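Okay, structure first, notes after.
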Amino acid sequence: MAIVEEMLSFLPRLLEGAWITITVSLASFLLAMIVGLLFGIARMARFWPIRFLAGVYVQFIRGTPLLLQLFFIYYVLPYAGITLSPFASGVSGLTINYAAYMAEVFRSGVQAIPKGQWEAGRSLGMSTRLLMRRIILPQALRIVIPALGNFFVSIFKDSALVSVITMRDLMFSGQLLASATFKHFEIFALVALIYFLISYPTAKLVDYVEGRLDVHKVRGGKPLHA
C-alpha cells in the first residue's frame with residue numbers, strides 16, 4: 001500500500017507533463033497536416049523547380065533523424081540569431097519531420113483518384129484549383145484519414161524526444177522526479193502506463209475510423225477500381 005500511495009503522489013507532476021505532451025502532439029499534428037498537404041501538392045506541380053524543391057525537402061527530412069532535427073532547431077539555430085522556446089522548438093521539429101511523411105501520403109491519396117474525375121471536372125470548365133478543392137481533395141482526404149490517424153499515434157509517442165531539449169513533457173517530468181527521488185521503477189512504470197492509457201484508445205479509435213472509411217469500397221460494396 002505504501003508503494004501505491006507513493007506512486008499516486010507522483011501523479012500530479014506526471015499529469016502536468018502529460019498535458020504538455022498532448023498539447024505538443026496536437027499542435028504538431030495539425031500543423032504537419034497543413035504543411036504536408038502543401039508539400040504534397042507541390043510534389044505534383046507542373047512547374048518543375050517547385051517539384052524539385054518539394055522533393056528535396058521530403059527526401060532530406062525523411063533521411064535524417066528526428067532527434068537531430070530537434071537538436072538543430074534548439075541548439076544550432078540560435079547561432080544564426082533564431083532562438084525558440086523549448087515548446088516552439090519541439091512543435092517545429094515534429095511538424096517539419098511528420099509533414100515530410102504526410103506529404104507523400106497526401107500525394108498518394110490525390111494520385112489514387114481516377115483520371116476520369118479530373119477529365120470530368122475539366123469538361124465542366126473547372127480550373128485546376130477549383131477541381132482540387134471541390135472534387136479531388138475531399139475524396140483524397142477520405143482515403144488518407146486512416147494513415148493520418150496512425151501518424152497522430154506516432155507523433156504522440158515520438159513527442160517523448162522533446163525531453164532532450166528541456167521541455168517539461170511527460171518524459172522530462174518523469175526524469176526530474178526519478179533524479180530527485182531515486183524511485184526509477186515506480187516513476188517510469190507510471191510514465192509508461194500514462195503513455196499507454198492515452199495512445200491505446202487513440203489507436204483503437206483510428207482502427208474504428210479506418211473500418212468506417214473503408215477506402216477499398218464505395219456504396220454498394222463495390223471496389224473503387226471497379
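These figures come from a predicted structure and were not determined experimentally. Residue numbers start at 1 and run along the sequence shown.
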Does the side-chain contact (heavy atoms from CB on, under 4.5 Å) test come out yes or no for Phe87 and Val91, once each step is laid out? CA-CA 6 Å; Phe87 182 86; Val91 171; 3.8 Å; yes

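- When hydrophobic clusters are built by joining Ile, Leu, Val, Met, Phe, Trp and Tyr residues whose side-chain heavy atoms come closer than 4.5 Å, directly or via intermediates, Leu11 is grouped together with Val191.
- Closest approach of Phe10 to Glu186, counting heavy atoms only: CE1-CB, 4.5 Å.
- The shortest heavy-atom contact between Ala112 and Ile143 is CB-CD1, 4.0 Å.
- Counting only residues at least two apart or on different chains, the side chain to side chain donor-acceptor pair (under 3.5 Å) pairs with a member in residues 150-165 are Tyr98-Asp158.
- Judged by distance alone, with hydrogens and angles left aside, the side-chain atoms of Ser123 form a donor-acceptor pair with the main-chain N or O of Ala120 at under 3.5 Å.
- Scanning both residues, Gly93 and Leu70, for their nearest heavy atoms gives CA-CD2, 3.8 Å.
- Looking at heavy atoms from C-beta onward, Tyr75 lies in side-chain contact with Ile165 at the 4.5 angstrom threshold.
- Between Ile135 and Gln139, the shortest heavy-atom contact is O-NE2, 2.9 Å.
- Inter-residue side-chain proximity for Leu124 and Leu131 is flagged as unmet; no heavy-atom pair is nearer than 4.5 Å.
- Across all their heavy atoms, Ser25 and Phe156 have their closest contact at OG-CA, 3.4 Å.
- Considering Leu176, Thr21, Val162 in turn, Leu176 is the only one that fulfils the side-chain contact (heavy atoms from CB on, under 4.5 Å) rule with Arg168.
- Annotation for Pro138 and Arg134: closest pair CG-O, 3.7 Å, computed over non-hydrogen atoms.
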Apply the test side-chain contact (heavy atoms from CB on, under 4.5 Å) to residues Val24 and Ser28: give CA-CA distance (whole Å), side-chain angles for both, the deciding distance (0.1 Å), then the verdict.
CA-CA 6 Å; Val24 169; Ser28 302; 4.0 Å; yes

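- In terms of hydrophobic clustering, with Ile, Leu, Val, Met, Phe, Trp and Tyr side chains grouped at heavy-atom distances under 4.5 Å, Ile155 and Leu37 are assigned to a common cluster.
- Using the six-membered ring where Trp is involved, Tyr200 and Phe196 have ring planes that are parallel, under 30° apart on the 30 and 60° scheme.
- As a member of the Ile/Leu/Val/Met/Phe/Trp/Tyr network built from side-chain separations under 4.5 Å, Ile61 groups with Val35, Phe39, Tyr57, Val58, Phe60, Phe72, Ile73, Val76, Leu77, Ile82, Leu84, Ile96.
- The salt bridge (charged side-chain N to carboxylate O under 4.0 Å, His left out) pairs that include a residue from residues 43-62 are Arg43-Glu104, where partners are two or more places apart or lie in different chains.
- One distance of note links CD1 of Ile113 with CG of Leu137; it measures 9.0 Å at 0.5 Å rounding.
- With hydrophobic clusters built from ILVMFWY side chains whose heavy atoms lie under 4.5 angstrom apart, Val153 does not share a cluster with Ile20.
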- Message: Show, in sequence, the C-alpha distance, side-chain angles and deciding distance for Phe47 and Ile50, and conclude whether the side-chain contact (heavy atoms from CB on, under 4.5 Å) test is met.
- Response: CA-CA 6 Å; Phe47 193 47; Ile50 295 179; 3.7 Å; yes

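- The cluster map of Ile, Leu, Val, Met, Phe, Trp and Tyr, joined by side-chain heavy atoms under 4.5 Å apart, puts Phe188 and Leu15 in the same cluster.
- Hydrophobic clustering keeps Ile194 apart from Phe172 (ILVMFWY residues linked when any side-chain heavy atoms are closer than 4.5 Å, directly or through intermediates).
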Practice task
I would like to know whether Ile41 and Met132 meet side-chain contact (heavy atoms from CB on, under 4.5 Å); could you show each step before the answer?
Solution key: CA-CA 10 Å; Ile41 294 174; Met132 285 286 288; 4.1 Å; yes

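- In this structure, CE on Met126 lies 9.5 Å from CD1 on Ile136, to the nearest 0.5 angstrom.
- For the residue pair Gln69/Thr64, the side-chain donor-acceptor check at 3.5 Å is satisfied.
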